[in-house]
Amino acid sequence: MASVAPEVEKKEEEEQVVNPWEVSAGKGGIDYDKLVDQFGCQRLDAPLIDRIARLTGRPPHRFLRRGLFFAHRDLNEILDIYEKGDKFYLYTGRGPSSEALHLGHLVPFMFTKYLQDAFKVPLVIQLTDDEKFLWKNLTVEESKRLARENAKDIIACGFDVERTFIFSDFNFVGGAFYENMVKVARCVTYNKVVGIFGFTPEDHIGKISFPPVQAVPSFPSSFPKHFSGNDQLRCLIPCAIDQDPYFRMTRDVAPRIGYQKPALIESRFFPALQGENTKMSASDPNSAIYVTDSTKDIKTKVNKYAFSGGQDSVELHRKLGANLEVDVSIKYLNFFLEDDDELERIKKAYKDGRMLTGEVKQLLVTVLSEMVERHKRARARVTEEMVDAFMAVRPLPNMFG
């Protein structure tokens, strides 16, 4: 068999694929600098984060302080609007393909809640049950049921019902929303959508026709009863960076159909327990911590599966310390431990070899168990009537209303 040239081998190792349905990287994990250049978004820098703190009068969320939300499109323009006393709204979403959410699913909702509270703005949350029917082996009825179950977990994050509209595509798409969908669809050629999303001739036409569905919640005219008379309201979308292709398409089309481009604030990926190079998968319950897990489940998963940056023996670890770049427990604490000083103390002690992997994992189990138990209590309080209230079609109040 012919050998592979070293430069070809290196190229294959370095190649990464990031789109809404597939995230894969080489041995070094996702190269976010490369992704920012490839997608053409901007880095979220310290002056912008300081400006958010100044305008909202509250400390920046830990996801901002620690660079977990790290890229944006036109966030500066949204802050300009807010500083002038004008309005904007938030839009985020969830593809309901599983009964329970894992911690990675909670990240965008935790951050969106912070944005809603800090800026006191309306929010629309799209449940793409139609997308999951098209991509997964689910019936329409099961997709709709999962959407409603996932809505309960989203509501448990603490959103303001007066300012929040949650909708399922199967139940809501029509009228002005559908009019905007076909306006977008007419502006995007087949070649363009293949170039953006990587569709192949084997993909059914349902997949190819889906992107406008996710695009148009970023136009306020899609919600005439919610944003009546505010067709030029700007939209800010918090999401993981794999959703960027949808909104590159949307931003390209928006001016051509008379609408404002949506702005984005984008996060890094939440790693699987086995590390950056392994994808969290619903088919592997040990790849993630779920909001339904017991404390015992969490302890078992963290101790058994969380990839360690520690050394092979205690002696070697005391001498060389841990590699924080690959240690999953440190990555999870970076997301969920609120106290910056405590996090730095742990990282330094672990890196210097003064703290062992088992001790770090024990701290993580405590943090995650408390968070999951809080979520379970909040979800238990969510009634069917509350879900109906969040999904009711009604005007959303103005930003300062």
Side-chain angles (χ1 to χ4, degrees), residues 20 39-42 71-93 108 112 115-116 119 121-128 130-131 163-167 169 172-193 195-197 208-239 241 243-266 393-401:
F39 284 180
C41 41
Q42 294 84 45
H72 74 98
R73 293 181 183 274
D74 292 347
L75 178 61
N76 49 319
E77 293 183 17
I78 293 291
L79 298 181
D80 290 345
I81 286 166
Y82 184 80
E83 194 159 24
K84 289 174 189 169
D86 292 332
K87 304 172 181 68
F88 70 92
Y89 75 100
L90 297 165
Y91 154 42
T92 194
T112 301
L115 292 173
Q116 184 182 59
F119 289 100
V121 288
L123 161 68
V124 296
I125 299 175
Q126 180 182 41
L127 301 174
T128 55
D130 52 343
E131 177 196 21
R163 298 179 187 272
T164 305
F165 175 51
I166 301 175
F167 66 99
D169 286 344
F172 184 73
V173 171
F177 194 101
Y178 183 71
E179 289 170 19
N180 278 338
M181 279 170 50
V182 295
K183 287 178 187 176
V184 170
R186 195 169 72 172
C187 290
V188 184
T189 65
Y190 174 73
N191 283 343
K192 184 84 170 173
V193 86
I196 295 171
F197 298 102
I208 294 154
S209 65
F210 176 74
V213 187
Q214 189 157 323
V216 302
S218 56
F219 306 143
S221 61
S222 299
F223 306 98
K225 292 188 177 174
H226 303 81
F227 299 122
S228 178
N230 285 297
D231 283 1
Q232 294 303 313
L233 200 63
R234 287 297 296 267
C235 174
L236 174 62
I237 305 168
C239 61
I241 198 165
Q243 300 300 300
D244 190 86
Y246 279 119
F247 302 113
R248 291 205 303 278
M249 181 195 77
T250 309
R251 285 168 55 84
D252 179 57
V253 169
R256 294 154 63 189
I257 58 176
Y259 296 141
Q260 300 276 359
K261 293 180 180 183
L264 282 84
I265 182 164
E266 300 175 314
V393 176
R394 79 285 186 198
L396 292 174
N398 287 339
M399 183 168 69
F400 300 115

Can you classify the ring geometry of Tyr89 versus Phe227 as parallel (below 30°), tilted (30 to 60°) or perpendicular (above 60°)? tilted
Taking the six-membered ring for Trp, are Tyr82 and Phe119 parallel (under 30°), tilted (30 to 60°) or perpendicular (over 60°)? perpendicular
Which heavy atom in Ile241 sits nearest to a heavy atom in Phe39, and how many Å separate them? O-CE1, 3.4 Å
Taking the side chain as C-beta and beyond, is there a heavy-atom pair between Phe223 and Tyr91 under 4.5 Å? no
Decide yes or no for Val213 and Met181: does some side-chain heavy atom of the first lie under 4.5 Å from some side-chain heavy atom of the second? yes
Are the aromatic ring centres of Phe165 and Phe172 under 6.0 angstrom apart? yes
I need the [X] [atom1] to [Y] [atom2] distance, nearest 0.5 Å.
X: Ile237; Y: Leu90; atom1: CD1; atom2: CG; value: 10.0 Å
X: Asn230; Y: Ser221; atom1: CG; atom2: OG; value: 11.0 Å
X: Leu115; Y: Leu123; atom1: CG; atom2: CG; value: 9.5 Å

Main chain of [Y], side chain of [X]: is a donor-acceptor contact present, judged purely on distance under 3.5 Å?
X: Gln260; Y: Asp231; result: no
X: Ser222; Y: Val216; result: yes
X: Thr92; Y: Pro238; result: yes
X: Arg248; Y: Ile196; result: no

Among Gln42, Lys261, Arg251, the one residue meeting side chain to side chain donor-acceptor pair (under 3.5 Å) with Asp74: Arg251
Over 12 foreign heavy atoms within 6.0 Å of CZ, Arg256: yes
Salt bridge check: are Arg234 and Asp86 linked by an N-O gap of less than 4.0 Å? no
